[in-house]
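These numbers come from a predicted model, not from an experiment. Letters A, B, ... mirror the listed sequences (proteins, then strands); counts begin at 1. We use all heavy atoms of the structure for the numbers below, so side chains are in, but hydrogens, waters and symmetry mates are not.
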Protein chains: 2
Amino acid sequence: MWTIIVHNEDDVTMEIIRRNTDYSIRALVHLALNPDIEVTAGEIAEEQDVPLEYLQKILQKLTRGGFVNAHRGAYGGFYLAREPKDINLLEVIETMQGKLAMNKCFLGKDGCPRAPKCVLKYNWLQLEQTITSHLSQITLQDLVEQVKEGGLPKGGG
Amino acid sequence: MWTIIVHNEDDVTMEIIRRNTDYSIRALVHLALNPDIEVTAGEIAEEQDVPLEYLQKILQKLTRGGFVNAHRGAYGGFYLAREPKDINLLEVIETMQGKLAMNKCFLGKDGCPRAPKCVLKYNWLQLEQTITSHLSQITLQDLVEQVKEGGLPKGGG
DNA sequence: TAATTGTGGACTATTATTGTCCATAATGAG
DNA sequence: CTCATTATGGACAATAATAGTCCACAATTA
């Protein structure tokens, strides 16, 4: 018995997690590893190897999203607004990349006038539900524990 | 066509299914609705409202991917290379957009030196498995049936 | 042989994402 | 009060990904 395995001709992979989300997670992990103090964008940028100016934009989003609090002025900086166990991956991803929803119709160029009866749509929503459920169960705390267990420098791992 | 639509603060949607996959599915549905004959790219383009030149590129990929067969010359065109029930969404998506892979490490800028022990990675692969399984269970036949049941013009629905 | 139709490559256009810059507001230290 | 510090917000630029176009050519058939 044999199988033909077809790889995409260019061997490209479709990425779900973009760089801004990646950077966000690094920043959040960094803050979680440094509780009770305020960490500047500059320090996070250097430690986590993220372009400072871009990180600032990202931190603004995280601030507006209620993940971190910011404090201006000398000795100011950022700190987590919630417990690491109360921050999950889904909300970070959705804050950075938009809300996860797979319910756009597959068929045809004219939209779907009979969505309520559509079997596929049901299938779809089910998948969406599975994905969001999975992602919402991974917390910042989980990530931090992985880092600590690994004993790696700078939160890398 | 499905899309992971995400809303974030700017009401942006994060699309998982790109336009080329969308077009691909329209083309495949069109061919499935017209069995036993060869349909030109021009006809598909017009019926399914897809730019002809771009569709040609897409049909080339579908040909190389083994989804359709092509026949040059007068009265030539495209036709399905397999039964609609034997074509599933996952393979179409991966052919057009690349292999779905969520196993990129989350933590740190230095990659993951201890991947084998990583709890998150396990979680990740599990989610990937769930997604691919779901998608592979939706066939072109399912889509065609939806279209036929809907009785919509031009395969729309 | 001529008309038709797909192929392959190179090219351009458009859009999304990432990254940068600067003026300004808030904060705290001296 | 003044200055250094740090985040904020908006605009802008660079890059990358995606979508779309063009053209010469190969295959096919009337």
Side-chain angles (χ1 to χ4, degrees), chain A residues 8-24 26-27 31 37-46 48-65 67-79 81 93 95-98, chain B residues 1 3-6 8-24 26-27 31 37-46 48-65 67-79 81 93 95-98 109:
Chain A
N8 180 310
E9 85 226 78
D10 306 271
D11 226 57
V12 174
T13 64
M14 52 184 284
E15 306 269 336
I16 303 258
I17 302 296
R18 294 208 310 262
R19 217 176 307 182
N20 56 359
T21 304
D22 189 337
Y23 291 166
S24 296
R26 292 191 206 178
L31 292 177
I37 63 171
E38 300 190 7
V39 186
T40 66
E43 182 177 333
I44 298 172
E46 190 175 348
Q48 299 296 328
D49 201 35
V50 176
L52 171 59
E53 326 276 2
Y54 192 35
L55 180 63
Q56 286 177 320
K57 291 303 173 202
I58 287 169
L59 286 166
Q60 285 174 23
K61 270 197 172 181
L62 292 177
T63 302
R64 293 193 208 105
F67 298 98
V68 306
N69 287 329
H71 190 184
R72 299 189 201 189
Y75 299 90
F78 297 88
Y79 56 99
I93 293 170
T95 296
M96 299 310 298
Q97 305 186 196
Chain B
M1 163 43 85
T3 309
I4 293 187
I5 299 176
V6 180
N8 76 357
E9 86 225 78
D10 305 285
D11 227 54
V12 172
T13 61
M14 150 175 143
E15 307 269 337
I16 295 277
I17 295 304
R18 296 204 308 257
R19 217 175 309 182
N20 57 357
T21 305
D22 187 338
Y23 291 165
S24 296
R26 292 192 207 178
L31 292 178
I37 63 171
E38 301 190 7
V39 187
T40 66
E43 182 178 333
I44 299 173
E46 189 175 347
Q48 299 297 328
D49 201 35
V50 176
L52 171 59
E53 326 276 0
Y54 192 36
L55 179 64
Q56 285 177 321
K57 290 303 172 202
I58 287 168
L59 285 167
Q60 284 176 24
K61 270 197 172 182
L62 292 177
T63 302
R64 290 193 282 259
F67 298 98
V68 306
N69 287 328
H71 191 187
R72 300 189 201 189
Y75 299 90
F78 298 88
Y79 57 98
I93 292 168
T95 296
M96 299 310 298
Q97 306 187 195
K109 57 184 196 287

So which heavy atom on B:Lys61 is nearest to which on B:Met96, and how close?
NZ-O, 3.7 Å
On a heavy-atom basis, the closest approach of A:Gln97 and A:Thr21 is OE1-OG1, 2.5 Å
Please tabulate the protein-to-nucleotide N/O contacts below 3.5 Å involving nucleotides 21-25 of chain C, giving atom names and distances.
from   : atom 1 : to      : atom 2 : distance (Å)
C:dA25 : N3     : A:Arg72 : NH1    : 2.9

In whole Å, I'd like the distance from the [atom1] atom of [X] to the [atom2] atom of [N].
{"X": "A:Tyr23", "N": "C:dT18", "atom1": "OH", "atom2": "C1'", "result": "8 Å"}
{"X": "B:Tyr79", "N": "C:dG6", "atom1": "OH", "atom2": "P", "result": "12 Å"}
{"X": "B:Tyr54", "N": "C:dC11", "atom1": "OH", "atom2": "C1'", "result": "15 Å"}
{"X": "A:Gln97", "N": "C:dT17", "atom1": "CD", "atom2": "P", "result": "8 Å"}
{"X": "B:Tyr75", "N": "C:dA3", "atom1": "OH", "atom2": "P", "result": "14 Å"}
{"X": "A:Lys61", "N": "C:dT17", "atom1": "NZ", "atom2": "C1'", "result": "11 Å"}
{"X": "A:Leu55", "N": "C:dT20", "atom1": "CG", "atom2": "P", "result": "12 Å"}
{"X": "A:Asp49", "N": "C:dT18", "atom1": "CG", "atom2": "C1'", "result": "15 Å"}

Distance (rounded to the nearest 0.5 Å) between B:Asn69 CG and B:Leu62 CG
11.5 Å
Once you round to the nearest 0.5 Å, how far does CD of B:Gln48 lie from CG of B:Leu55?
9.5 Å
With A:Tyr54 via ring-ring contact (aromatic ring centres under 6.0 Å, His included) - residues at least two apart
A:Tyr23
For B:Glu38, check side-chain hydrogen bond (donor to acceptor under 3.5 Å, both in side chains) against everything at least two apart and list the hits.
B:His71
Nucleotides bounding contact with chain A, strand DNA chain D, heavy-atom threshold 4.0 Å:
D:dT5 to D:dA11
Does A:Glu43 have any salt bridge (Lys or Arg N to Asp or Glu O under 4.0 Å) partners at least two apart in sequence or in another chain, and if so, which?
none
Presence of B:Arg19 side-chain N/O under 4.0 Å of C:dT15 phosphate oxygens OP1/OP2:
no
Any side-chain N or O of A:Asn20 under 4.0 Å from OP1/OP2 of C:dT18?
yes
Within the structure shown, what part of the strands sits under 4.0 Å from A:Gly42 by heavy-atom distance: base, sugar-phosphate, or nothing?
nothing
Tell me which of A:His71 and A:Pro51 sits closer to the 5' end of DNA chain C, going by the nucleotide each one is nearest to.
A:Pro51
Listed partners of B:Gln56 passing side chain to side chain contact (heavy atoms under 4.5 Å, CB included), at least two apart
B:Ala41, B:Leu52, B:Glu53
Test side chain to side chain contact (heavy atoms under 4.5 Å, CB included) applied to A:Ile44 and A:Leu31, step by step
CA-CA 8 Å; A:Ile44 298 172; A:Leu31 292 177; 3.9 Å; yes
Is it the case that C:dG8 (base atoms only) and B:Gln60 (side chain only) share a donor and an acceptor within less than 3.5 Å, ignoring hydrogens and angles?
yes
